[in-house]
Amino acid sequence: MSSPNAESTAFRSALEVIRAVEPRIADAIGAELADQRESLKLIASENYASPATLLAMGNWFSDKYAEGTVGRRFYAGCQNVDTVEALAAEHAKELFGAAHAYVQPHSGIDANLVAFWAILADRVESPALRRAQVRQVNDLTEQDWFALRRELGDQRMLGMSLDSGGHLTHGFRPNISGKMFDQRSYGTDPATGLIDYDRVAEAAREFRPLILVAGYSAYPRKVNFRIMREIADSVGATFMVDMAHFAGLVAGKVFTGDFDPVPHAHIVTTTTHKSLRGPRGGMVLCGPELADQVDRGCPMVLGGPLPHVMAAKAVALAEARRPDFADYARRIVDNAQALAEGLLRRGAKLVTGGTDNHLVLIDVSGYGLTGRQAEQALLDSGIVTNRNAVPQDPNGAWYTSGIRVGTPALTTRGLGTAEMDATAELIHTVLSQTTPGSNADGTPSKAKYVLDPALADKVARQATDLLATHPLYPSVTLA
Ligand code: DSN
């Protein structure tokens, strides 16, 4: 462990150097730390990376081009990048028990694109795709694109629907995956909110997808990946799991056996910055059969690797291999369950009636609000969440009827189950005291709301008090 003094000195010195060039950026960095310290961060996809992870990103690796992979680069002088990339991949393989790890993706979307193209290259005979793999996508001619489209045809993808908690990159229109694939979704059982595996199997039999995708960004339950793999096998589909949200729970061995995607999926993608608590980025894990195709990610769909971020991934993955990470992962789920119980006890309506992962989805129609109204009222009260659709959401994806809350960040800060109950009280107080507002013409608004500012201030002060006993980055003082 480094000394607290070293951490404080490192960040202070960095800000001093930045301030000499552009003081407004130094101020913004300081302000971001202050804001994060003061807010009750319940965004399920966010966390707080360690000082070592953050510091590993601010260095000379940022200046290096390294297209290609370890030992096979398109640029000279990559020996140190090779060290970093190989170490990050090694830690990832050990941590997740994977045969192969590709640590270059810059984000979860990138990791999914790498996986999609690897599967297409593996499964579909396409000379145009082979040409595309050795050239930058930007260099492809219009004819190349026509040929690609013709040769790939309408390949099919079956993924979880957005309003059931699936992710945009699993074949939905706002993302390129929705244009690459002919997509169909599986939802959840309207009565329970849970995945109905028989229905998934039925959809797979009817649709015969090339790729079956499991994974979510707003489903509060475990997924049985053994059953999903059996469904994929029954129709000859490649089984892909996007574990971006729950990678930390897999790393921390909370999700094991049927609930650990790595032994069951042909290919697994993730981000590194959510429950895994690393730097902002992505990663792909797979067996030997897809490894060569996955390693073509750059230049197929990725720009040059970010060696400074790969260095930070190596640091964070090394941290996740320590025994205390398993304790952290377990506490994330304990906290989510305590939060869910606290909300239920106070009368909140939760999708699926609870949680067995890191997130809780509150159906705020129970409070007579839209997700947008609830999100803003909570924000006014110092509680940072995000609105999210609930299954069959009558308010659509913009206004929504849900609020998604997650515990990875507050658990990193050290809050425990008692504080989760206090958090449930704050959330319930705000939501039960907020009423829908009206437009200027008197019609009901899905965005406007009425909340007594004095109450919002009181809750914000209570939230600050709750956080005061668990300071964020206690070792770091900037002034
Ligand atoms: N933006 C991430 C989330 O909040 O779930 C997923 O892309």
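Computed from a predicted structure; not experimentally measured. In this chain, numbering begins with 1 at the start of the sequence shown. Remember, it's 1-based here, ligands and their atoms both numbered in the order they're listed.
The closest side-chain heavy-atom distance from S45 to R404 is below 4.5 Å.
A donor atom on one side chain and an acceptor atom on the other are found under 3.5 Å apart for D242 and H170.
Using a cutoff of 4.0 Å between basic side-chain nitrogens and carboxylate oxygens, E341 and R345 are not scored as salt-bridged. Ion pairing of R24 with D27 is absent here, as no side-chain N (NZ or NE/NH1/NH2) approaches a carboxylate O to less than 4.0 Å.
Around ligand 1, the residues contributing at least one heavy atom under 4.0 Å from the ligand are S45, H167, S217, H245, K274, R404.
Taking the side chain to side chain contact (heavy atoms under 4.5 Å, CB included) definition, one finds that A203 meets it with L158, sequence neighbours left out.
Summarising the local packing, CG of D292 is surrounded by 12 or fewer heavy atoms from other residues, nucleotides or ligands at distances under 6.0 Å.
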